[in-house]
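Here the structure comes first, spelled out in C-alpha cells, and everything after it is commentary.
If you read the sequence from its start, that first residue is 1, and numbering goes on from there.
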Amino acid sequence: MYNATSCQFVRSLTNNNLTPLVTITPHLVLNQIPASGVESAIQNTIVWEFNIENLNLAGTPSTQAYNVFLEIPQGINYLSFSVFRVAPTVSQIQPVAGNPNVFILESVMNSGALNQYELRAVYQPCETNPDPISITWGWNCDGWPAPSGTTPCFVDNFDISLINTPVAMDPKSIQPNEFSLCQPFYISAEFTSLQQGGVYPIGIELLNLPPFLDILECNITDCSGNSVPLTVVNSTQTIWTLSSVDLAAIGYPNGFLGILNCLKIELKLDPKCRYNGQLPSIQLNTTNYCGDDFLYQTNFSNMSENVTGNLCTNCFTITKTPSTYNIPLNTTIDFYIEICNLSPSLTPVPSFQIIDNLPPNFVVTSPLPTGFIAWPAVQCTTLILTGYFTQIPPGGIAINKAELLLDPAVSGGPFTAQCTLQVASDCASFADQVTLQGHNESTSYTFYPNETIYIIEDFFIKHNVSYSNNTFYVNPGVEIVVEAGKTLVLENSRIYSCTDMWKGIRVEDGGTLVGGTLKAADSEICDAEYAVFQENNSTVILENSKLYRNYVGLFIPQALSGLNSVSTYVRNCQFATFGTIRPNYAGQLTLPGLKSLSGVLSHDAILNLGSQYQPNRFYDMSNGVISRNTSISITNCIFEDIVPDPVYQNLTQSMLANTSYNNSTIYAIGRFGSLVKQRGFGKNGQTAFDNCKYGIFTEPNECGFTG
C-alpha cells in the first residue's frame with residue numbers, strides 16, 4: 001500500500017512460481033536483490049535491483065533464451081519507469097517501438113548467463129494509489145511482440161507494493177542525578193526511528209527554558225559517537241536548524257533516519273545562582289518526504305531537590321545606593337541597602353548580618369536592624385538607613401560602606417558595597433561652569449549637555465533651550481518660567497531644591513498666541529511646590545519621568561472663564577513622595593505636610609492620563625489624582641500605598657456632606673457634564689488600586705469604568 005503521509009515504498013519482488021505456459025528449456029530465474037526491504041523516496045526516484053539468469057545447461061530445442069522482456073502495466077500515471085542494465089555495461093534500455101510499456105532486456109541470452117538490472121521509477125510525490133503494481137517478465141521464442149495467437153515460452157510476474165509506512169520515533173531522556181550551582185552538567189535526548197518510513201530531522205527546539213540556566217553547547221550524534229556541534233549564538237538560544245549536511249556528518253548521508261536509526265541531542269548547561277532545578281523539554285522537529293510535520297518531545301524531571309552544593313562566588317549580593325549623590329548639610333538622605341540570596345533552597349536557610357561603616361559626622365535617624373537575619377532562597381530585601389550630615393567631610397566627599405556577613409553555615413563572603421557622595425554647605429558648591437539667573441540670553445536654540453547648574457533666582461526661558469544629562473539645584477522659592485511661544489526640553493536631567501522648596505516650572509499662557517511648551521523625557525523634577533504649573537493654551541509632555549517630593553506634580557489652575565485649553569501628555573511617569581518633603585520657602589501659601597498632596601491636580605480642563613502601553617504610577621502620597629471641574633480619562637494607571645496626610649483633610653471635602661475624602665486614588669468634583677473615566681487592569685491581572693482607602697470619589701461628575 002502507498003501512504004501519502006509518508007511517501008515511502010516497500011518493494012516485493014516475488015517469483016510467483018507459476019507453471020510456465022510452455023514447458024521448454026532453457027528457463028530463466030529472476031532473483032530480487034535484496035529479498036525484501038524498504039525503498040526510501042529520495043529525490044522522487046525509486047530503484048529496484050534484480051538478476052536474470054539462464055540456468056539451462058542442456059536441452060532442446062535450444063539453450064538460448066530469446067527476447068527476454070519486462071512489461072510495465074499501462075494506466076499508471078504517477079510512475080514513469082525506465083530500465084538500466086548494470087553489468088557488463090550501464091546503459092538505459094529503450095522500450096519496444098510502438099509499445100512504451102515493454103522493454104527487451106536481452107535479445108539473446110546464452111545458457112549460464114547472468115545479467116543485473118535496475119528498474120527505476122520517477123514518481124509524482126504523494127499521489128495515492130493503493131493497488132499493487134504487477135510487472136510481467138519472461139522470454140519469447142518467436143520474438144516480441146508476438147503475432148496473434150503466439151504463446152511466450154515462459155512468463156511470470158513480480159509485484160511492486162506501495163504500503164503504509166508511518167513515521168514514528170521513540171524519545172528517551174537522560175539527565176544527571178544531582179547538580180551543583182555554577183557547575184555545568186549535561187542532559188541529552190535520544191530519538192530512535194521505529195518505522196520503515198524515513199524521518200527527516202529539520203530542527204531542535206528547547207521548550208520552557210528556565211531563567212538562570214545558560215546553554216554552553218549543543219551537539220548531535222548518531223547515538224554511538226559521531227558528533228557534530230551546532231552553533232550556540234547566545235546563552236539563551238533555544239532553536240537550532242538541522243540540515244542534510246549535519247545528518248551526513250554523523251553517518252546519515254541521505255539526510256533521513258531509517259528504521260532503528262538514532263539521533264542523540266546533547267546539551268551542556270550552566271546553572272547560575274537563581275537556577276531552581278527545572279529543566280527544559282527537548283523537541284525534535286521532523287518531516288517526512290512529503291513535508292508533513294511530526295514533533296517529538298522528551299521531558300526531564302525537576303532537579304530542585306538534587307542540588308549538592310553551592311560553588312558560585314556571587315550567589316549573595318549587596319548593593320548600597322543613596323537617594324541623591326549631592327546633599328547639603330543637615331538635609332535628610334536615605335541609603336538603600338539591598339541584600340539578595342540568589343541561590344535556590346539551601347538547608348539551613350542562610351542568615352546574614354549588616355555592618356554599616358558610616359562616615360564621620362553622620363547622624364542616624366532611622367537605623368538598620370541588628371543581629372543575623374534569615375533570608376529565604378531566591379529573594380532580595382531592601383533595608384533603608386536614614387540620617388544627615390552635620391559637618392562637611394574632607395574635600396566634601398563622603399564614602400559610605402556597607403558589609404554583608406554570612407553565617408558560618410554558608411561559604412563565601414564577606415560581601416561589601418559602598419557609595420560615594422558629595423556633601424556641601426549650600427547649592428553654590430555644586431555648580432560646575434554655569435550659574436543661571438535672570439533670564440536665558442541665548443538668541444537661538446541652545447543645547448547644554450552634562451553640566452551641574454545652580455539656579456539662584458527666577459529663570460525665564462526666552463529662547464528655545466535643551467538640557468541633556470544635566471543636574472540643577474534651585475534656590476528656595478525660585479521659579480523656572482517657560483515664556484509663551486518658547487520651548488524647554490529636559491532629557492535625562494534632574495532638578496532638586498537646595499534646602500527648602502522651590503516653586504517649580506511654570507509653562508505660560510500665550511493668550512491669543514501659542515503658549516509655552518515643556519518636554520521632559522527620562523528626567524526627575526523634585527522638591528517643588530508645583531513641579532509643573534501648566535497655564536491655559538500651553539503644552540506639557542512628560543514621558544518616562546519621575547516627579548518626587550512635590551506638593552503637587554502636575555497642576556492646572558482655575559480658568560478665568562470656560563475651560564483651560566491645554567495639551568497634556570503624561571506617559572509612563574511616576575508620581576510619589578519617595579522621601580521627605582522639603583520645608584516651605586519663605587512666603588509660601590500652600591502648607592505641605594510630610595507627603596505630597598497628589599500627583600495631579602487639575603481645574604477646568606479636559607485631561608488624559610496614561611495610555612494602553614505606557615501606564616503612570618502614583619504611590620506614597622495622600623491622594624493620587626484630584627480633579628475639579630475636569631473631564632478626565634485615566635488609562636492603565638497604577639495607584640499604590642495612597643496613605644492620608646491629615647494636613648490635607650479639608651482639601652478633599654464632599655460638596656454634599658461634611659466628610660473628607662482625603663486618601664482617594666481619584667477625587668473628582670465638578671459640574672454636571674464633567675466625566676471621570678477609569679479603565680485598564682483589574683480582574684486577573686495587574687491591580688489598579690492597592691492599599692488605598694478610597695478608590696474613586698466623585699460628585700456630581702459622570703463616571704465611566706472599563707476593565
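For the pair Ser660 (side chain) and Gln649 (backbone), a donor-acceptor distance under 3.5 Å is present. Panel note: side chain Asp645, backbone Leu594; a donor-acceptor pair is recorded below 3.5 Å. Without hydrogens or angle criteria, Ser627 side chain to Ala668 main chain gives no donor-acceptor distance under 3.5 Å. Although no hydrogens or angles enter the test, the distance criterion places no donor-acceptor pair under 3.5 Å between the side chain of Asn544 and the main chain of Ser523. Panel note: side chain Asn636, backbone Tyr613; no donor-acceptor pair is recorded below 3.5 Å. Asn572 places no side-chain N or O within 3.5 Å of a backbone atom of Glu543 that could act as its donor or acceptor partner.
With 3.5 Å as the limit, one finds a donor-acceptor pair spanning the side chains of Thr386 and Asp334. With hydrogens and angles left out, the side-chain atoms of Asn475 and Tyr454 include a donor and acceptor closer than 3.5 Å. At a cut-off of 3.5 Å, with distance as the only test, a side-chain donor of Asn662 or Asn623 sits close to an acceptor on the other residue. In this model, no donor atom of one side chain and acceptor atom of the other lie less than 3.5 Å apart for Glu338 and Thr381. Side chain to side chain, Gln588 and Tyr551 fail the donor-acceptor criterion of an N or O pair below 3.5 Å. For the residue pair Glu508/Ser538, the side-chain donor-acceptor check at 3.5 Å is not satisfied. Side-chain atoms of Asp641 and Asn691 form a donor-acceptor pair, as typed in the model, at a separation below 3.5 Å. A donor-acceptor contact under 3.5 angstrom links the side chains of Arg679 and Thr635, judged on distance only. Inspection of the Asp522 and Asn492 side chains reveals no N or O donor paired with an N or O acceptor under 3.5 Å.
Contact record, Ile461 with Thr487: CG2-O, 4.1 Å, taken as the closest heavy-atom pair. Taking every heavy atom of both residues into account, Asn550 and Ala528 meet most closely at OD1-N, 2.8 Å. Between Gly593 and Tyr648, the shortest heavy-atom contact is N-OH, 2.9 Å. In terms of heavy-atom proximity, Ile642 sits nearest to Ser664 at CG2-O, 4.0 Å. Heavy atoms only, all atoms of each residue included: Ala531 and Gly553 are closest at CB-O, 3.2 Å. Scanning all heavy atoms of the two residues, the minimum distance from Trp502 to Cys526 falls at NE1-O, 2.8 Å.
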Step by step, work out the ring pair (Phe, Tyr, Trp, His ring centres under 6.0 Å) result for Tyr275 and Phe212. CA-CA 5 Å; Tyr275 175 59; Phe212 311 107; 9.0 Å; no
If you apply the rule side-chain contact (heavy atoms from CB on, under 4.5 Å), what do you find for Thr539 with Val507, and how did you get there? CA-CA 8 Å; Thr539 299; Val507 189; over 6 Å; no
Just do the side-chain contact (heavy atoms from CB on, under 4.5 Å) check on Lys486 and Val465 with the steps written out, would you? CA-CA 8 Å; Lys486 306 305 181 232; Val465 63; over 6 Å; no
Test side-chain contact (heavy atoms from CB on, under 4.5 Å) on Ile632 and Leu675; report intermediate values, then the result. CA-CA 6 Å; Ile632 187 167; Leu675 175 66; over 6 Å; no
Check the pair Ile581 / Ser596 against side-chain contact (heavy atoms from CB on, under 4.5 Å), numbers first and verdict last. CA-CA 7 Å; Ile581 284 186; Ser596 299; 4.1 Å; yes
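The structure places CD1 of Ile666 at 12.0 Å from OG of Ser598, a figure rounded to the nearest 0.5 Å. Separation of atoms CG (Leu563) and NE2 (His603) is listed at 13.0 Å; rounding is to 0.5 Å. The CD atom of Gln614 sits 11.0 Å away from atom SG of Cys637, with the distance rounded to the nearest 0.5 Å. Note that CG of Leu542 is 13.0 Å distant from CD of Gln574, once rounded to the nearest 0.5 Å. The CG atom of Asn663 lies 13.5 Å from the CZ atom of Phe697; values are rounded to the nearest 0.5 Å. Here the CG-OG1 distance, from Asn608 to Thr568, works out to 9.0 Å after rounding to the nearest 0.5 Å.
Ring centroids of Tyr694 and Phe689 are separated by 6.0 Å or more, keeping the two rings apart. Note: Phe575 and Phe618 meet the aromatic proximity criterion, with ring centroids under 6.0 Å apart.
Residues Val566 and Asn537 fail the side-chain proximity criterion, which asks for heavy atoms closer than 4.5 Å. By the 4.5 Å heavy-atom criterion applied to side chains, Gln653 and Ile669 are not counted as neighbours. Side-chain contact check for Ile556 versus Asn536: every heavy-atom pair is 4.5 Å or farther apart. Taking 4.5 Å as the limit, every side-chain heavy atom of Lys320 sits out of range of all side-chain heavy atoms of Tyr336. Asn469 places none of its side-chain heavy atoms less than 4.5 Å from the side chain of Pro449. Inter-residue side-chain proximity for Leu607 and Val600 is flagged as met; some heavy-atom pair is nearer than 4.5 Å. Side chains of Leu554 and Gln534 form a contact here, defined as non-hydrogen atoms less than 4.5 Å apart. Counting heavy atoms from C-beta outward, Ile525 and Val532 have side chains that approach closer than 4.5 Å.
Within 6.0 Å of OH in Tyr569 there are 12 or fewer heavy atoms belonging to other residues, nucleotides or ligands. Dense packing is recorded around CD1 of Ile541, with more than 12 heavy atoms of other residues, nucleotides or ligands lying under 6.0 Å away.
Using cut-offs of 30° and 60° for the angle between ring planes, the Tyr548 and Tyr619 rings count as perpendicular. In this pair, Tyr496 and Tyr473 present their aromatic rings tilted. The plane angle is within the 30 to 60° band. In this pair, Phe389 and Phe362 present their aromatic rings perpendicular. The plane angle is above 60°, beyond the 30 to 60° band.
Ion pairing of Lys503 with Glu529 is absent here, as no side-chain N (NZ or NE/NH1/NH2) approaches a carboxylate O to less than 4.0 Å. Salt bridge status for Lys595 with Asp620: present, with a side-chain N to carboxylate O gap under 4.0 Å. Under 4.0 Å is where a charged nitrogen must lie from a carboxylate oxygen, and between Arg549 and Asp527 at least one such pair does.
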